[in-house]
K.L.:
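Please read through the structure below; I'll follow up with questions.
Predicted, not measured: the structure shown is a model, and the values here were computed from it.
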Amino acid sequence: MRKNTPAEMRFAGILLLVFGIFFVIFGFALVPELGFQYMGIAVSGIGIIILIVRAVKDVQIENNDRILQEQLLRDGVSSIDNLTPYEFEEWIARLMRAKGYNAYTTKYSGDYGIDVIAEKEYTKIGIQVKKFHKPVGVKAIQEVIAGMQYYDCNIGWVVTSANGFTQAAINLAQKSGVVLFTKNDIAKLIQDSKK
């Protein structure tokens with residue numbers, strides 16, 4: 001099952017709050033004997049809880065991102081080597097947020113080939129993140145192509161901590177329009193973020 005985005009959680013909270021208010025008004029005004037007002041109060045409460053939890057998470061993410069973004073810009077790509085694969089995915093999501101995208105990681109397993117989704121206006125980038133030391137093969141390109149369809153992305157990236165890709169991976173990426181990023185390309189993204 002796909003992980004809900006922050007926007008989807010906020011929408012669900014607002015929707016529950018609106019339905020709850022409707023049931024409260026309907027219950028008190030029209031048929032108080034049926035008890036719809038109590039159901040409305042409960043539904044509104046759930047909506048408010050969802051909105052509060054989302055707001056707290058947003059503040060935590062923003063604070064963590066600010067601290068980690070400062071570290072990212074200070075340390076550059078040298079900090080990549082010490083990260084686990086999952087931390088590297090989070091690191092890429094933070095980098096994309098530093099570049100102005102709404103970026104988040106997908107679930108760690110069963111992600112359909114997309115580890116990070118980055119959205120801005122009409123652009124939705126599906127990113128496959130590979131924490132490798134050797135050149136990345138064609139399988140990563142195939143995974144991002146499949147994942148782009150599943151997550152409705154219009155752009156696909158494969159980002160690696162390695163210094164390159166196999167020739168087969170480069171060929172498939174060129175044919176399919178997938179953009180490849182090596183460790184050196186990540187350094188350029190960081191430099192752009194510093195500007």
Side-chain angles (χ1 to χ4, degrees), residues 1-10 54 57-73 75-133 135-165 169 172-173 176-194:
M1 185 164 62
R2 186 173 72 80
K3 180 178 169 182
N4 290 331
T5 67
E8 290 170 340
M9 284 184 67
R10 279 189 288 275
R54 184 69 253 164
K57 283 185 178 181
D58 288 344
V59 168
Q60 289 172 338
I61 288 170
E62 190 175 310
N63 287 338
N64 289 342
D65 279 353
R66 184 181 45 76
I67 293 165
L68 292 168
Q69 184 177 336
E70 290 169 3
Q71 178 186 356
L72 169 79
L73 296 176
D75 298 343
V77 291
S78 63
S79 61
I80 292 174
D81 296 330
N82 301 324
L83 301 176
T84 66
Y86 180 71
E87 290 170 336
F88 186 41
E89 291 175 12
E90 290 288 340
W91 191 91
I92 293 297
R94 286 186 194 103
L95 175 61
M96 295 306 289
R97 286 194 290 269
K99 297 188 68 54
Y101 286 85
N102 174 23
Y104 54 92
T105 58
T106 60
K107 61 183 181 173
Y108 193 56
S109 63
D111 58 19
Y112 295 94
I114 300 293
D115 300 311
V116 175
I117 294 176
E119 299 176 272
K120 187 192 309 187
E121 296 173 4
Y122 302 106
T123 303
K124 188 172 184 182
I125 305 170
I127 306 172
Q128 170 70 261
V129 179
K130 292 293 185 189
K131 180 79 166 54
F132 281 10
H133 297 290
V136 175
V138 72
K139 184 173 185 262
I141 314 310
Q142 294 167 335
E143 289 173 349
V144 82
I145 292 168
M148 285 173 59
Q149 292 178 346
Y150 181 79
Y151 289 104
D152 297 320
C153 298
N154 51 359
I155 298 173
W157 289 5
V158 177
V159 178
T160 182
S161 57
N163 288 323
F165 293 85
L172 182 57
S176 60
V178 171
V179 182
L180 304 178
F181 288 87
T182 63
K183 193 173 189 176
N184 294 332
D185 299 319
I186 296 169
K188 291 176 191 168
L189 286 175
I190 293 171
Q191 288 297 359
D192 291 344
S193 294
K194 287 181 181 179

K.L.:
To the nearest 0.5 angstrom, please state how far the CG atom of N163 sits from the CG atom of D185.
P.N.:
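Interatomic distance, N163 CG to D185 CG, rounded to 0.5 Å: 10.0 Å.
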K.L.:
Looking at V136 and A169, what are the two nearest heavy atoms and their distance?
P.N.:
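Scanning both residues, the minimum pair turns out to be O-CB, 3.6 Å.
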K.L.:
Around atom NZ of K120, are there more than 12 heavy atoms of other residues, nucleotides or ligands at under 6.0 Å?
P.N.:
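More than 12 within 6.0 Å, yes.
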K.L.:
Just how far is it from atom CD of E87 to atom CD1 of I92, taken to the nearest 0.5 Å?
P.N.:
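Going from the CD atom of E87 to the CD1 atom of I92 covers 13.0 Å.
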K.L.:
Give the minimum heavy-atom separation between V144 and G156, together with the two atoms involved.
P.N.:
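That would be CG2-CA, 4.3 Å.
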K.L.:
Begin from the C-alpha positions of I186 and V159 and carry the test side chain to side chain contact (heavy atoms under 4.5 Å, CB included) through to its verdict.
P.N.:
CA-CA 8 Å; I186 296 169; V159 178; 3.5 Å; yes
K.L.:
Within the distance-only criterion (no hydrogens, no angle test), does the side chain of Q128 pair as donor or acceptor with the backbone N or O of G113 below 3.5 angstrom?
P.N.:
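Judged by distance alone, yes, a pair lies under 3.5 Å.
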K.L.:
Quick one: closest heavy-atom pair of A93 and T105, and the distance?
P.N.:
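The answer is CB-CG2, 4.2 Å.
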K.L.:
Give a yes or no answer on whether the side chain of N154 reaches the backbone of Y122 with a donor-acceptor pair at less than 3.5 Å.
P.N.:
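A pair under 3.5 Å: yes.
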K.L.:
With distance as the sole test, does K130 use its side chain to make a donor-acceptor pair with the main-chain N or O of G137 at under 3.5 Å?
P.N.:
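No, because the side chain of K130 does not come within donor-acceptor range (under 3.5 Å) of the backbone of G137.
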K.L.:
Answer yes or no: are there more than 12 heavy-atom neighbours, outside K139 itself, under 6.0 Å from its atom NZ?
P.N.:
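Not more than 12 within 6.0 Å, no.
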K.L.:
Are the side chains of W91 and K131 in contact, using a 4.5 Å heavy-atom criterion?
P.N.:
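Heavy-atom side-chain distance check fails, nothing below 4.5 Å.
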K.L.:
Could you give the distance from CG (L83) to CZ (F88), rounded to the nearest 0.5 Å?
P.N.:
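With rounding to 0.5 Å, CG (L83) is 7.5 Å from CZ (F88).
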K.L.:
Measuring only between side-chain heavy atoms, which start at C-beta, is F165 closer than 4.5 Å to T182?
P.N.:
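Of all side-chain heavy-atom pairs linking T182 with F165, at least one is under 4.5 Å.
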K.L.:
Can you confirm whether V178 sits close enough to V158 that some side-chain heavy atom of one is under 4.5 Å from a side-chain heavy atom of the other?
P.N.:
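Contact flag for V178/V158 side chains = yes.
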K.L.:
Enter the distance from N102:CG to R97:CZ here, rounded to the nearest 0.5 Å.
P.N.:
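Here the rounded value is 8.0 Å.
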K.L.:
Does S161 use its side chain to pair, donor to acceptor, with the backbone of F132 at less than 3.5 Å?
P.N.:
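Yes.
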K.L.:
Check whether any side-chain heavy atom of I127 lies under 4.5 Å from a side-chain heavy atom of I117, and answer yes or no.
P.N.:
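Side chain of I127 against side chain of I117, heavy atoms only: no contact under 4.5 Å found.
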K.L.:
How long is the span from the CD1 atom in I125 to the CE atom in M148, to the nearest 0.5 Å?
P.N.:
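Spacing of CD1 (I125) from CE (M148) equals 10.0 Å.
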K.L.:
Which one of T84, D115, T106 satisfies the side chain to side chain contact (heavy atoms under 4.5 Å, CB included) criterion with E89?
P.N.:
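Among T84, D115, T106, the one meeting side chain to side chain contact (heavy atoms under 4.5 Å, CB included) with E89 is D115.
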K.L.:
Can you tell me how far CD1 of I114 sits from CH2 of W157, rounded to the nearest 0.5 angstrom?
P.N.:
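So the gap between those two atoms works out to 12.0 Å.
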K.L.:
Quick test of your reading: applying salt bridge (charged side-chain N to carboxylate O under 4.0 Å, His left out), list the pairs with at least one residue in residues 154-164, sequence neighbours left out, ordered by first then second residue.
P.N.:
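Residue pairs with at least one partner in residues 154-164: there are none.
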